[in-house]
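Predicted, not measured: the structure shown is a model, and the values here were computed from it.
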Amino acid sequence: MTHRTPLLASLAVSALLLSGCAAAAGSVGAAQAPSSDASAPAAPAAADPSAHGSHAGHHGGGSPSPRAAVSEPSEAAKMVCGDQPMDRLTAILDLEQDPHTVNSWAESTFTCTYHLDEGALEISVREAPDKAAALTYFDAMQALAVDATPIEGLASLGFPAYETADGSAVFQKDRFVLQVDASGLPEAMGPDGISRNALAYQLSTTILACWVEHH
């Protein structure tokens, strides 16, 4: 989507008023390379884009010099598998029960996969040592992404953000890079026929609202 509708922008602002965000319960799954194209490169300094991810453009280039890796996911990162995005997802798609989720932590990236009947929805958070490193990673992802369109104006909530034609939304806030990847889902879903791009965007704003509330 090249342009956001006023309604969608208003939904983004409304999301910032959400409350009751909670981190995911339980332990993080065994470290493994998540299948999301947001999987992080092993070495941000000299990553080979062709060696990471199944879709070109959803993996970072890197900073001029290596930075220390984050050893474990933060509570903020684990919120992507928490109650608020789950409740939002089930409400949008009018699901009768919560979908099964699997999470993993690998290479400074926490990934939560929601297994829906129609396919997998993956939400990942790359944790960088600091905001500058996160922005460098975000810029590299955007530069490599296929058919990336910046999310601008009110719809961006004031953060660097872009979306891809196949259903991913990516935002950078503080030292985090958030990606909601709905590319494995049909182009339209749920009783209202929401597009996968709109679904990715609405889930992104829900998670960002959690972060704003707790930081």
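Under the 4.5 Å side-chain criterion, counting only non-hydrogen atoms from C-beta, Lys78 is not in contact with Val125. Looking at Leu93 and Ile194, their side chains come closer than 4.5 Å, going by heavy atoms from C-beta outward. At least one side-chain heavy atom of Arg88 sits less than 4.5 Å from a side-chain heavy atom of Leu203. Leu135 is listed as a side-chain neighbour of Pro160, based on a closest heavy-atom distance under 4.5 Å. Counting heavy atoms from C-beta on, the side chains of Leu208 and Phe159 come closer than 4.5 Å. At a threshold of 4.5 Å between non-hydrogen side-chain atoms, the residues His115 and Val102 count as touching. No side-chain heavy atom of Ile123 sits under 4.5 Å from any side-chain heavy atom of Gln179. Within the 4.5 Å cutoff, the side chain of Pro99 has heavy atoms near those of the Met86 side chain.
Ala161 approaches Phe138 most closely through the heavy-atom pair N-CZ, 3.4 Å. Residues Phe110 and Pro73 approach most closely at CD1-CB, 3.9 Å, considering heavy atoms. Looking at every heavy atom in both residues, Val177 comes nearest to Ala134 through CG2-O, 3.4 Å. Residues Gly193 and Ala188 approach most closely at O-CB, 3.8 Å, considering heavy atoms. Ser168 and Ala182 make their closest contact through OG-N, 4.4 Å (heavy atoms, listed as atom of the first residue, atom of the second, distance).
One distance of note links CE of Met79 with CZ of Phe176; it measures 9.0 Å at 0.5 Å rounding. Note that CD of Glu107 and CZ of Arg126 are 7.5 Å apart. Values are rounded to the nearest 0.5 Å. For the atom pair Leu116 CG and Met189 CE, the distance stands at 5.0 Å (nearest 0.5 Å). Annotation: the span from Thr113 atom OG1 to Asp181 atom CG amounts to 9.5 Å, rounded to 0.5 Å. Here the straight-line distance linking atom OH of Tyr162 with atom OG of Ser156 works out to 15.0 Å at 0.5 Å rounding. The CG atom of Leu178 lies 11.0 Å from the NZ atom of Lys173; values are rounded to the nearest 0.5 Å.
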Apply the test side chain to side chain contact (heavy atoms under 4.5 Å, CB included) to residues Leu121 and Leu89: give CA-CA distance (whole Å), side-chain angles for both, the deciding distance (0.1 Å), then the verdict.
CA-CA 10 Å; Leu121 169 73; Leu89 177 63; 4.0 Å; yes
Side chain to side chain contact (heavy atoms under 4.5 Å, CB included) between Met141 and Val170, worked out:
CA-CA 9 Å; Met141 285 180 65; Val170 182; 4.1 Å; yes
From CA spacing to verdict: side chain to side chain contact (heavy atoms under 4.5 Å, CB included), Ser204, Thr206:
CA-CA 5 Å; Ser204 296; Thr206 296; over 6 Å; no
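In this structure, Phe171 and Tyr201 have tilted ring planes: the angle between them lies in the 30° to 60° band.
Formation of a donor-acceptor pair under 3.5 Å by the Arg196 side chain with backbone atoms of Asp166 is found in this model. A donor-acceptor contact shorter than 3.5 Å links the side chain of Asp130 to the backbone of Ala132. One N or O on the side chain of Trp211 and one on the backbone of Ala76 form a donor-acceptor pair closer than 3.5 Å. Put simply, the side chain of Gln172 gets close to the backbone of Asp174: a donor and an acceptor are under 3.5 Å apart.
No donor-acceptor contact under 3.5 angstrom links the side chains of Asn197 and Ser195, judged on distance only. No side-chain donor-acceptor contact under 3.5 Å links Glu127 and Thr109. Looking only at atom types and distance, the side chain of Thr164 has no donor-acceptor partner in the side chain of Asp147 under 3.5 Å away.
By the 6.0 Å contact criterion, CD on Glu118 is enclosed, its count of non-hydrogen atoms from other residues, nucleotides or ligands being greater than 12.
Remark: Tyr114 engages no residue in a ring pair (Phe, Tyr, Trp, His ring centres under 6.0 Å) (not counting sequence neighbours).
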